[in-house]
Amino acid sequence: MEYNFSEIEPRWQKYWREHGVYHVENANEGLSRPHFYVLDMFPYPSGAGLHVGHPLGYIASDIYARYKRLQGYNVLHPMGYDAYGLPAEQYAIQTGQHPAVTTEMNIERYREQLDKIGFSFDWDREVRTCDPKYYKWTQWTFIQLFNHYYDNTLRKAMPTADLEKRFAERGSEGLDAACTEALAFTAEEWNGWDEAKRRQVLMNYRLAYLADIPVNWCAELGTVLANDEVVNGLSVRGGYPVERRLMKQWSLRITAYAQRLVDGLEQVDWTDSLKEIQRNWIGRSEGAAVNFRVEGGEWTMEIFTTRPDTIFGVTFMVLCPEHELIESLTTPEQKAEVEAYVSWAKNRSERERQAEVKRVSGVFTGSYAVNPLTEEKIPIWVSDYVLAGYGTGAIMAVPAHDSRDFAFAKHFGLPIRQVVSLEKDVVSDPAMWTESMDSKTGYSVNSGFVTGMKVKEAMAAVIDKIEALGIGHRTVNYRLRDAIFSRQRYWGEPFPIYYKESKSGASAVPYTIPEECLPLELPEVSDFKPTATGEPPLGHAQQWAWDEANRRVVDKDLIDNETVYPLELSTMPGFAGSSGYYLRYMDPRNDKEYFSEQAVDYWQNVDLYVGGAEHGTGHLIYARFWNKFLFDLGLAKKEEPFQKLVNQGMIQGRSNFVYRSKQDNGLFVSKGLIKNMDDVTPIHVDINIVDNDVLDVERFRQWRPEFAEARFELEEGKYVCGWEVEKMSKSMFNVQNPDDLVARYGADTLRLYEMFLGPVEQAKPWDTKGIEGVHRFLKKFWRLFEGLNDDAPTKEELKVLHQTIKKITDDIERFSFNTSVSTFMICTNTLTELKCGKREVLKPIVVLIAPFAPHMAEELWHQMGEEGTVCAAHWPQYDPQLMAEDTVKYPVQFNGKMRFMMELPASCTQEEAVAAVKAAPESAKWLNGAEPKKVVFVPKKIINIVV
RNA sequence: GCUCUGGUGGUGGAAUGGUAGACACGAGGGACUUAAAAUCCCUUGCCCGCAAGGGCGUGUGGGUUCAAGUCCCACCCGGAGUACCA
């Protein structure tokens with residue numbers, strides 16, 4: 001019988017769906033049943049549908065999930081949609097279609113495409129971030145973040161209620177908490193403040209807080225963006241310019257968790273490169289904070305340095321243009337110049353600033369600081385190469401040992417003094433240097449009491465001294481910024497926040513909606529664009545005010561009523577909904593809690609997470625933070641959410657080109673005939689009308705009206721196209737749609753081929769060429785079952801079987817699915833050669849192939865007369881004796897030197913090995929008839945004979 | 001610049017320090033067929049040779065080892081992340 005995949009696959013997909021084969025219960029056989037949680041990064045359902053790159057990771061995780069299931073694990077393998085996001089809203093603005101409608105359509109299309117590939121997801125657990133039943137818990141978590149602060153002493157999040165009690169008793173005394181700015185006040189002061197003032201103070205500590213902060217404002221998108229959404233001063237989405245602006249925004253105090261985010265990386269099984277990406281993003285650096293006295297004033301300026309050992313080489317100080325001391329430090333003579341510089345620096349766009357990094361600019365304030373260790377007078381400058389957001393926004397400049405300080409000193413003719421030398425006591429004249437000496441190796445020179453010390457020792461000695469003098473201390477700085485959490489958009493989670501006017505006339509005071517009133521549902525709006533007054537789109541919503549007394553959303557017109565207040569108009573960013581979805585899958589239909597304790601106790605955390613590395617500095621940081629916070633609350637059971645993480649490589653497109661002659665617009669020259677690439681224009685051509693880089697010229701003429709009259713210069717009767725690896729995208733005509741391949745070859749072929757393409761982790765271009773080979777293999781495999789019989793298998797056949805079991809098991813364990821497919825091919829070729837159709841051999845192989853080609857396995861399982869589905873079968877065990885090689889090559893040494901390789905039975909003993917070596921003709925030369933003195937035989941390693 | 005990756009035939013890629021190039025694609029040749037599809041068989045790293053056989057080969061140069069694609073050092077070239085982060 002033919003291998004009729006187009007009949008088999010839909011039939012089994014229907015069976016699985018109707019019988020709920022992949023439905024998972026939490027602990028259905030008690031807590032003792034081993035459990036395993038395999039998760040994919042859920043997709044954003046875009047209008048373009050899936051291309052072949054998307055399912056790559058899903059196929060890999062599906063194989064692993066099915067494998068674990070066959071091994072007897074209770075496997076949680078869910079899927080859902082990250083459904084809030086900008087593209088749906090942009091589309092809504094352009095077409096007026098409600099994002100909910102387009103999102104629903106896109107989800108349906110995604111589901112259809114996913115179903116065709118035969119995944120074993122438990123769709124009963126599907127979540128969508130835009131579903132009120134889901135975002136209720138996103139909002140709920142936000143309220144918890146709002147109501148907690150981070151205690152640095154306890155190293156965990158604590159309720160702000162505790163803070164209030166503490167402030168009433170002791171004021172800010174002795175508090176070590178993560179905050180926006182250090183505050184100092186007494187209990188009396190606290191108790192004397194009204195509620196608005198107290199709430200303003202508490203805001204300084206909340207983990208979700210509202211503050212004026214410099215944000216990435218994207219005028220084109222009309223919203224602020226998080227740091228990871230901006231690259232090179234342009235928005236990741238759309239590529240619009242982004243500027244730095246001070247705005248009142250909600251933020252998450254993720255910096256409070258910086259150290260724990262670094263430490264946690266030790267506990268997880270991720271690739272080194274991804275861990276490194278996160279470490280770099282968090283950017284921990286150790287150093288010292290030092291106070292420099294300003295000459296003749298009551299001011300001191302605090303700086304941060306990672307090189308305290310170079311303090312003897314400081315020749316000037318630099319403040320960032322935003323620094324609050326500038327005004328008081330500027331002397332009257334310098335006032336005009338400084339003001340001009342500061343306003344110029346502030347008006348520079350982020351893009352300009354980044355593009356002109358090399359350009360040196362700055363201005364002298366006229367004031368001097370005093371070096372605390374030398375009492376030397378040093379000029380204070382202002383320059384935008386010092387950033388407001390990092391450290392204290394002020395530095396001590398050591399031009400000899402910092403390249404940026406060096407460039408600055410050279411530009412303004414400031415002195416340069418060497419204080420570190422590679423060799424002891426060897427100094428040169430820095431005036432002759434062309435670059436600074438930044439390395440942290442060598443010895444201190446010209447450096448008072450640390451002269452002669454190694455750099456590392458000098459660092460410690462200087463910090464000790466500074467601490468003894470009480471002018472500074474050891475400290476750690478992080479590059480990580482708090483995550484800006486509000487977006488001026490419509491299509492996102494509303495904040496469960498309303499504002500009361502403060503009696504003292506200060507800005508409105510935010511209050512949270514009571515938890516019992518969640519979800520606060522996204523209202524309908526008349527327009528998805530910002531309002532005329534520049535408010536976010538939610539400003540258009542009529543039903544968008546909070547009646548505190550009646551605890552419900554009401555019309556805005558009622559705001560003049562006693563207890564009706566305006567609601568927050570921003571919405572949450574994309575990462576809000578994706579930060580905790582893996583926990584919700586554990587108990588997705590629970591409307592009382594985020595997830596039940598019983599569910600999280602059972603599943604713990606994600607055992608295997610598969611997704612792209614492009615989320616390294618976004619989702620994967622936020623989710624870890626989110627989880628750590630929930631862990632502090634006692635809700636999550638593991639501090640790290642994703643135990644093992646595999647990054648699937650991007651599948652790039654392989655674009656094809658035709659070359660149009662520049663002299664003759666109607667002439668297309670075959671690749672091999674082009675003499676000079678400057679004579680032709682390469683044009684993208686649809687990969688569907690190119691086969692194996694050979695253009696179908698007829699279809700090309702029909703493809704576009706402008707090519708209807710095309711003429712070709714052929715080589716050997718063919719038009720050969722050029723090719724290049726590029727991003728898969730519609731505009732390059734290189735998109736491969738999985739549906740087409742499923743229709744042509746079947747889902748099992750697609751699954752196998754995507755795995756066969758290469759290691760899952762590796763980026764690779766899509767190339768359909770090889771799919772035929774994989775399809776041929778499946779047909780060949782299918783044919784093995786035509787002569788199915790119950791004869792006893794030969795030893796040779798059993799050996800093939802057991803070697804295959806071992807190899808496949810090993811391959812799956814190390815996530816090497818491309819070699820698994822090869823193993824199946826070799827196994828099938830060998831069994832075909834042996835004409836083996838024996839049930840005893842083939843039945844276990846069907847189980848082995850089930851994770852890869854589930855439909856075919858299911859059908860063959862059924863044809864063999866087995867009960868139930870193949871996914872209820874048991875993973876076969878291999879017999880080590882049967883799979884062993886008959887002979888193994890051993891290296892034979894004489895006197896410790898390797899002399900020749902020798903084949904011996906794999907099972908051979910010490911005595912047999914020695915006898916065989918002595919008998920070998922090569923040995924005669926080394927033994928010369930003598931008896932060996934000592935023989936060492938390490939199976940599979942080496943035979944060492946000492947004569 | 002810094003950090004992390006990777007570099008193996010025409011192509012995708014295999015190789016716990018132990019016969020490099022498995023498996024597949026592509027290419028060439030052949031069988032079956034009126035023909036096509038499908039299927040099957042042979043050849044396919046490079047060089048010398050009619051052959052038997054020999055030589056060279058994992059980016060480059062060194063090193064460790066009986067033995068290196070694999071480990072160590074330096075360099076060259078790609079890819080990714082990050083970037084005035086003091």
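In what follows, chains are A, B, ... by sequence order, proteins preceding strands, each numbered from 1. As a basis for the values below, the full set of heavy atoms in this structure was taken, side chains included, without hydrogen atoms, waters or symmetry mates.
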Rounded distance in Å - CG (Leu831(A)) to P (C23(B)): 15 Å

Taking the C1' atom of each, how far is C73(B) from U64(B), in whole Å? 11 Å

Counter-base of A74(B), judged by Watson-Crick or G-U geometry with both distances under 3.5 Å: U60(B)

Which listed nucleotide (C23(B), A86(B), A83(B)) is nearest to the side chain of Thr306(A)? A86(B)

Can you check the distance between G21(B) and G57(B), where both ends of the measurement are the C1' atom (answer in whole Å)? 11 Å

Whole-Å P distance, C40(B) and C46(B): 26 Å

Does the structure show a Watson-Crick or G-U wobble partner for G12(B), both distances under 3.5 Å? Name it, or say none. C23(B)

Using Watson-Crick geometry (N1-N3 plus N6-O4 or O6-N4) or G-U wobble (N1-O2, O6-N3), each under 3.5 Å, U65(B) is paired with none

Ile826(A), nearest nucleotide to its side chain (from C84(B), A22(B), A86(B)): A22(B)

Distance, P atom - from A22(B) to U8(B), rounded to whole angstrom: 16 Å

According to the Watson-Crick and G-U wobble definitions, with both distances under 3.5 Å, which nucleotide is paired to C4(B)? G79(B)

Nearest-Å distance, CG (Asp272(A)) to C1' (G81(B))? 15 Å

Mind checking whether Tyr390(A) and Arg481(A) have side chains closer than 4.5 Å, heavy atoms only? yes

Between the side chains of Ser6(A) and Asn4(A), is a donor N or O closer than 3.5 angstrom to an acceptor N or O? yes

Nearest to side-chain heavy atoms of Lys779(A), which nucleotide of U82(B), C4(B), A38(B): A38(B)

Nearest to the Met825(A) side chain among A24(B), A83(B), A22(B), which nucleotide is it? A24(B)

With no hydrogens and no angle check, do the side chains of Thr823(A) and Ser820(A) hold a donor and an acceptor under 3.5 Å apart? no

Quick check on RNA chain B: between Lys780(A) and Tyr390(A), whose nearest nucleotide comes earlier from the 5' end? Lys780(A)

If you restrict it to nitrogen or oxygen atoms, what contacts under 3.5 Å exist between nucleotides 9-15 of chain B and the protein, and what is each distance?
residue	atom	partner	partner atom	Å
G12(B)	O2'	Leu757(A)	O	2.6
G13(B)	OP1	Gln762(A)	NE2	2.6
G13(B)	O3'	Asn818(A)	ND2	3.3
A14(B)	OP1	Asn818(A)	ND2	2.9
A15(B)	OP1	Arg814(A)	NH2	3.3

Between Arg776(A) and C25(B), does any side-chain N or O lie under 4.0 Å from OP1 or OP2? yes

Distance check, C1' atoms only: C71(B) and G78(B), in whole angstrom units. 23 Å

Do Thr768(A) and Tyr745(A) have side-chain N/O donor and acceptor atoms under 3.5 Å apart? no

Please give the distance between the P atoms of A68(B) and U19(B) as a whole number of Å. 12 Å

Selected nucleotide, minimal atom distance to Asn280(A) side chain, candidates A38(B), A86(B), U3(B): U3(B)

Heavy-atom side-chain proximity of Leu741(A) to Tyr753(A) below 4.5 angstrom: no

C47(B) to G9(B) separation - C1' atoms, rounded to the nearest Å: 15 Å

Atom CG of Leu480(A) and atom P of U82(B) are separated, to the nearest Å, by 13 Å

Indicate whether the side chain of Arg624(A) and that of Gln278(A) have a donor and an acceptor atom separated by less than 3.5 Å. yes

Side chain of Arg783(A) only, heavy atoms from C-beta on: which candidate in C40(B), U82(B), C84(B) is closest? C40(B)

Closest nucleotide of RNA chain B for Thr617(A) versus for Gly389(A): which of these residues is on the 5' side? Thr617(A)

Below 4.5 Å, heavy atoms only, C-beta onward: do Ser383(A) and Tyr341(A) meet side chain to side chain? yes

In whole angstroms, the gap separating P of C4(B) from CH2 of Trp270(A) amounts to 18 Å

What does C40(B) pair with, Watson-Crick or G-U, if both distances are under 3.5 Å? G30(B)

Close side-chain approach of Val610(A) to Met41(A), heavy-atom, < 4.5 Å: no

Short side-chain N/O contact to A86(B) OP1/OP2 from Ser285(A), under 4.0 Å: yes

Separation of G1(B) P from Asp438(A) CG (nearest whole Å): 13 Å

Cut-off 3.5 Å, side chains only: do Asn477(A) and Ser285(A) have a donor facing an acceptor? no

